[in-house]
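In this text the structure is predicted, and so the values were computed from the model without any measurement. Numbers here are sequence positions counted from 1.
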Amino acid sequence: MNKIVLISLLFFLLGTVSLFAQAKEETVLVAKDTSKLEEIDPLRPAKAAFYSAILPGLGQAYNKKYWKIPLVYGAIGTSLYFYLDSNKKYNQYRDEYKRRLEGYSPESGDFDYLSDDRLIAGQKFYQRNRDLSALFVVGFYVLNIIDANVDAALMQFNVNERLSLRPEIYPSDVTLKPNVGLTFNYNF
């Protein structure tokens with residue numbers, strides 16, 4: 001008898017809980033306005049390029065692409081290192097060649113085993129490498145500015161669900177063989 005009372009009480013409590021849970025509230029659905037366009041800042045690419053011209057990597061930080069900053073400094077820094085190293089070696093070869101032209105004999109050092117022709121060839125080699133490294137420093141600096149500008153311009157490019165590009169396989173009208181193509185959809 002005790003079990004029947006307990007089970008009856010349990011069903012009664014569960015039944016009343018479900019009755020109170022059925023209360024309906026009035027909800028108002030508000031549709032999101034998808035036709036509203038986001039503000040476009042026409043000066044954003046110019047600001048990013050300007051910041052990157054002032055300090056390499058600052059334009060990438062302005063665009064919040066922080067992972068590009070080490071790449072910028074790595075490229076410019078490596079080129080600058082090779083420029084300075086080639087310039088130092090060029091000056092060493094040139095100074096030794098000038099010493100020999102003034103009549104000094106090769107002193108026991110790094111260049112005593114080299115002939116005058118080899119010193120001239122070494123000067124030309126390191127001068128060419130120095131000039132090429134300077135070109136790379138300037139090139140990576142300009143590439144840094146261009147990257148910041150293009151990235152800022154593309155951040156404002158509108159890509160949403162209404163624009164899609166997908167591959168599609170459809171049968172040919174004449175031979176009924178499958179054709180492969182691309183479908184470009186734009187929903188208004």
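At least one side-chain heavy atom of Lys124 sits under 4.5 Å from a side-chain heavy atom of Ile120. With a 4.5 Å cut-off on side-chain heavy atoms, Lys98 and Arg94 count as touching. By the 4.5 Å heavy-atom criterion applied to side chains, Ser52 and Leu58 are not counted as neighbours.
The environment of OH in Tyr62 is crowded: more than 12 heavy-atom neighbours from other residues, nucleotides or ligands sit within 6.0 Å. In Tyr141, the OH atom is crowded: over 12 heavy atoms of neighbouring residues, nucleotides or ligands sit closer than 6.0 Å.
Ala148 approaches Ala49 most closely through the heavy-atom pair CB-N, 4.5 Å. Taking every heavy atom of both residues into account, Pro56 and Val72 meet most closely at CB-CG1, 3.9 Å. Residues Phe136 and Ser79 come closest through the heavy atom pair CB-OG, 3.6 Å. Nearest heavy atom pair, residue Asn149 against residue Pro45, reads OD1-CB, 3.3 Å.
No chain of hydrophobic side-chain contacts below 4.5 Å, direct or via other Ile, Leu, Val, Met, Phe, Trp or Tyr residues, connects Val142 to Leu55. In the hydrophobic clustering of ILVMFWY residues, with side-chain heavy atoms under 4.5 Å counting as a link, Phe125 and Leu119 come out together. Transitive grouping of hydrophobic side chains (ILVMFWY, heavy atoms separated by less than 4.5 Å) keeps Phe140 and Ile54 in distinct clusters.
Taking Ile, Leu, Val, Met, Phe, Trp and Tyr as hydrophobic and joining them when side-chain heavy atoms fall under 4.5 Å apart, one finds Leu71 in a cluster with Trp67. When hydrophobic residues (I, L, V, M, F, W, Y) are linked wherever their side-chain heavy atoms come within less than 4.5 Å, Val174 remains an isolated member.
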Next item on the list: Give the C-alpha distance, both sets of side-chain angles, the deciding distance and a yes or no for side-chain hydrogen bond (donor to acceptor under 3.5 Å, both in side chains) between Asp151 and Gln60.
Entry: CA-CA 8 Å; Asp151 195 31; Gln60 283 75 12; over 6 Å; no
Notebook entry, point to check: Can you list the steps and then say if Asn87 with Gln127 is a side-chain hydrogen bond (donor to acceptor under 3.5 Å, both in side chains)?
Noted result: CA-CA 7 Å; Asn87 190 41; Gln127 183 180 16; over 6 Å; no
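For the atom pair Ile69 CD1 and Asn144 CG, the distance stands at 9.5 Å (nearest 0.5 Å). Arg130 CZ to Lys88 NZ: the interatomic distance, rounded to the nearest 0.5 Å, is 15.0 Å.
A salt bridge is defined here as a Lys NZ or Arg NE, NH1 or NH2 lying under 4.0 Å from an Asp or Glu carboxylate O, and Arg100 with Glu96 meets this definition. Looking at Arg99 and Asp95, no side-chain N of the basic residue comes within less than 4.0 Å of a carboxylate O on the acidic one, giving no salt bridge.
Residues in residues 68-98 take part in these ring pair (Phe, Tyr, Trp, His ring centres under 6.0 Å) pairs, two or more places apart or across chains: Tyr93-Phe111, Tyr93-Tyr126.
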